[in-house]
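See below for the structure under consideration.
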Amino acid sequence: MKVEFKVITESDFNKMDSELIFNTERPRCHGIIFNKEISFKFAWQSDLIIPEINEISENVYCLGIDLNFAIIDFKSNLIISNLLLDHFFYGSKVYEDFLYVITELSIIKIELVTFRLIETFHLPDIFKGIVFGKNIVEVKCWNDEIVYFNI
């Protein structure tokens with residue numbers, strides 16, 4: 001069952017009894033992610049961007065924005081993982097049995113069965129692009145440097 005995202009007012013956010021995924025210190029935006037049965041609420045600071053929401057397996061979604069990243073299981077009504085990131089969230093990619101959480105200056109590798117954080121790859125400059133190979137990931141950075149990580 002697909003989930004939907006909706007921006008809501010601060011007043012509606014405060015009235016809702018949905019489970020809170022994350023809330024920043026001074027949020028400017030508020031939203032909910034929901035299906036027909038379950039909803040989760042969250043708040044973030046950047047008013048120029050919207051959260052990235054991706055289905056990573058059946059009924060399991062990831063949500064990232066600003067310095068926050070979460071994995072939510074809608075079947076179990078459970079927040080599986082809730083990470084406070086060291087650098088701004090840029091995106092997420094699934095490759096083989098892993099989820100890669102891409103931030104401004106790092107890439108976090110998460111195993112998709114147990115959702116255990118496996119490794120963090122630190123980048124020499126701001127993230128620009130990523131290409132997955134057979135046993136290696138190639139990461140391009142803004143300074144035109146390319147780094148390779150074994151996967």
Side-chain angles (χ1 to χ4, degrees), residues 1-123 126-134 136-141 149 151:
M1 181 181 305
K2 288 284 185 194
V3 300
E4 296 180 51
F5 161 71
K6 181 180 172 185
V7 174
I8 59 174
T9 65
E10 182 177 7
S11 175
D12 288 343
F13 178 85
N14 291 331
K15 291 176 193 172
M16 292 183 78
D17 62 350
S18 299
E19 186 168 355
L20 178 67
I21 302 172
F22 49 75
N23 190 2
T24 60
E25 205 169 294
R26 286 177 296 239
R28 292 185 188 142
C29 301
H30 303 81
I32 57 170
I33 181 174
F34 62 97
N35 63 19
K36 292 179 182 177
E37 301 157 5
I38 303 167
S39 67
F40 295 88
K41 65 182 181 178
F42 59 99
W44 68 98
Q45 228 170 8
S46 300
D47 55 0
L48 299 176
I49 57 175
I50 61 169
E52 178 184 285
I53 301 165
N54 292 315
E55 185 175 22
I56 54 177
S57 63
E58 188 176 349
N59 293 311
V60 179
Y61 290 80
C62 63
L63 162 70
I65 191 158
D66 291 341
L67 294 171
N68 298 289
F69 183 80
I71 300 172
I72 304 120
D73 184 337
F74 275 82
K75 186 176 181 181
S76 303
N77 193 19
L78 179 68
I79 299 170
I80 296 170
S81 179
N82 194 347
L83 302 175
L84 180 58
L85 304 172
D86 292 332
H87 309 287
F88 286 108
F89 175 78
Y90 272 35
S92 62
K93 302 276 186 200
V94 173
Y95 182 73
E96 293 184 349
D97 295 328
F98 298 96
L99 171 66
Y100 294 85
V101 180
I102 303 163
T103 73
E104 186 176 33
L105 291 168
S106 65
I107 298 173
I108 302 165
K109 181 179 180 180
I110 298 173
E111 199 270 327
L112 282 176
V113 175
T114 63
F115 298 102
R116 190 173 53 101
L117 193 149
I118 302 297
E119 190 172 4
T120 300
F121 304 107
H122 298 281
L123 305 177
I126 296 172
F127 174 85
K128 188 175 182 181
I130 190 167
V131 177
F132 293 96
K134 185 175 179 176
I136 201 159
V137 62
E138 175 186 289
V139 180
K140 296 176 184 171
C141 297
F149 300 107
I151 54 174

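In this chain, numbering begins with 1 at the start of the sequence shown.
- Put simply, CD1 on Ile71 and CD1 on Ile79 are 11.5 Å apart, with the number rounded to the nearest 0.5 Å.
- Between Phe132 and Lys93 the shortest side-chain heavy-atom distance falls below 4.5 Å.
- For the side-chain contact (heavy atoms from CB on, under 4.5 Å) test with Glu111, the passing option among Ile118, Leu99, Leu117 is Ile118; the others fail.
- With Asn54 contributing its side chain and Ile56 its backbone, the two residues share no donor-acceptor pair below 3.5 Å.
- Around the NZ atom of Lys109, the shell of radius 6.0 Å holds more than 12 heavy atoms that belong to other residues, nucleotides or ligands.
- Side-chain N or O atoms of Asp73 include none that pairs as donor or acceptor with a backbone N or O of Ile80 at under 3.5 Å.
- In this structure, CD on Glu52 lies 13.0 Å from OH on Tyr90, to the nearest 0.5 angstrom.
- Atom CZ of Phe89 is separated from atom CG of Leu63 by 8.0 Å, given to the nearest 0.5 angstrom.
- Between Tyr100 and Tyr95, the ring center distance fails the sub-6.0 Å criterion.
- Panel note: side chain Asp47, backbone Cys29; no donor-acceptor pair is recorded below 3.5 Å.
- For the pair Leu105 and Ile126, the minimum side-chain heavy-atom distance is below 4.5 Å.
- The two residues His30 and Trp44 come nearest to each other via the heavy atoms C-CZ3, 3.6 Å.
- The heavy-atom pair separating Ile108 from Thr120 by the smallest distance is CG1-OG1, 4.0 Å.
- For Phe69 and Phe22, the distance between ring centers is not under 6.0 angstrom.
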In sequence, state the C-alpha distance, the side-chain angles, and the governing distance for Leu123 and His87, and then conclude on side chain to side chain contact (heavy atoms under 4.5 Å, CB included).
CA-CA 11 Å; Leu123 305 177; His87 309 287; over 6 Å; no
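- Within 6.0 Å of NZ on Lys128 lie more than 12 heavy atoms contributed by other residues, nucleotides or ligands.
- Put simply, the side chain of Asp66 gets close to the backbone of Gln45: a donor and an acceptor are under 3.5 Å apart.
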Would you please test Ile72 and Ile38 for side chain to side chain contact (heavy atoms under 4.5 Å, CB included) and show each step?
CA-CA 11 Å; Ile72 304 120; Ile38 303 167; over 6 Å; no
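- Put simply, the side chain of Thr103 does not reach to within 4.5 Å of the side chain of Asp86, judged on heavy atoms.
- Here Phe121 contributes atom CZ and Phe127 contributes atom CZ; the two are 13.0 Å apart, rounded to the nearest 0.5 Å.
- Other residues, nucleotides and ligands contribute more than 12 heavy atoms inside 6.0 Å of the CG atom of Asn14.
- The distance from the CD1 atom of Ile8 to the OG atom of Ser18 is 7.5 Å, given to the nearest 0.5 Å.
- Note: Glu104 CD to Leu67 CG = 9.0 Å, rounded to the nearest 0.5 Å.
- Using a 4.5 Å cut-off on side-chain heavy atoms (C-beta onward), Asn68 and Phe42 make no contact.
- A heavy-atom distance below 4.5 Å is found between the side chains of Phe40 and Asn77.
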In sequence, state the C-alpha distance, the side-chain angles, and the governing distance for Tyr61 and Lys2, and then conclude on side chain to side chain contact (heavy atoms under 4.5 Å, CB included).
CA-CA 9 Å; Tyr61 290 80; Lys2 288 284 185 194; 3.9 Å; yes
Take Val7 and Phe5, measure what side chain to side chain contact (heavy atoms under 4.5 Å, CB included) needs, and give me the verdict at the end.
CA-CA 7 Å; Val7 174; Phe5 161 71; 3.6 Å; yes
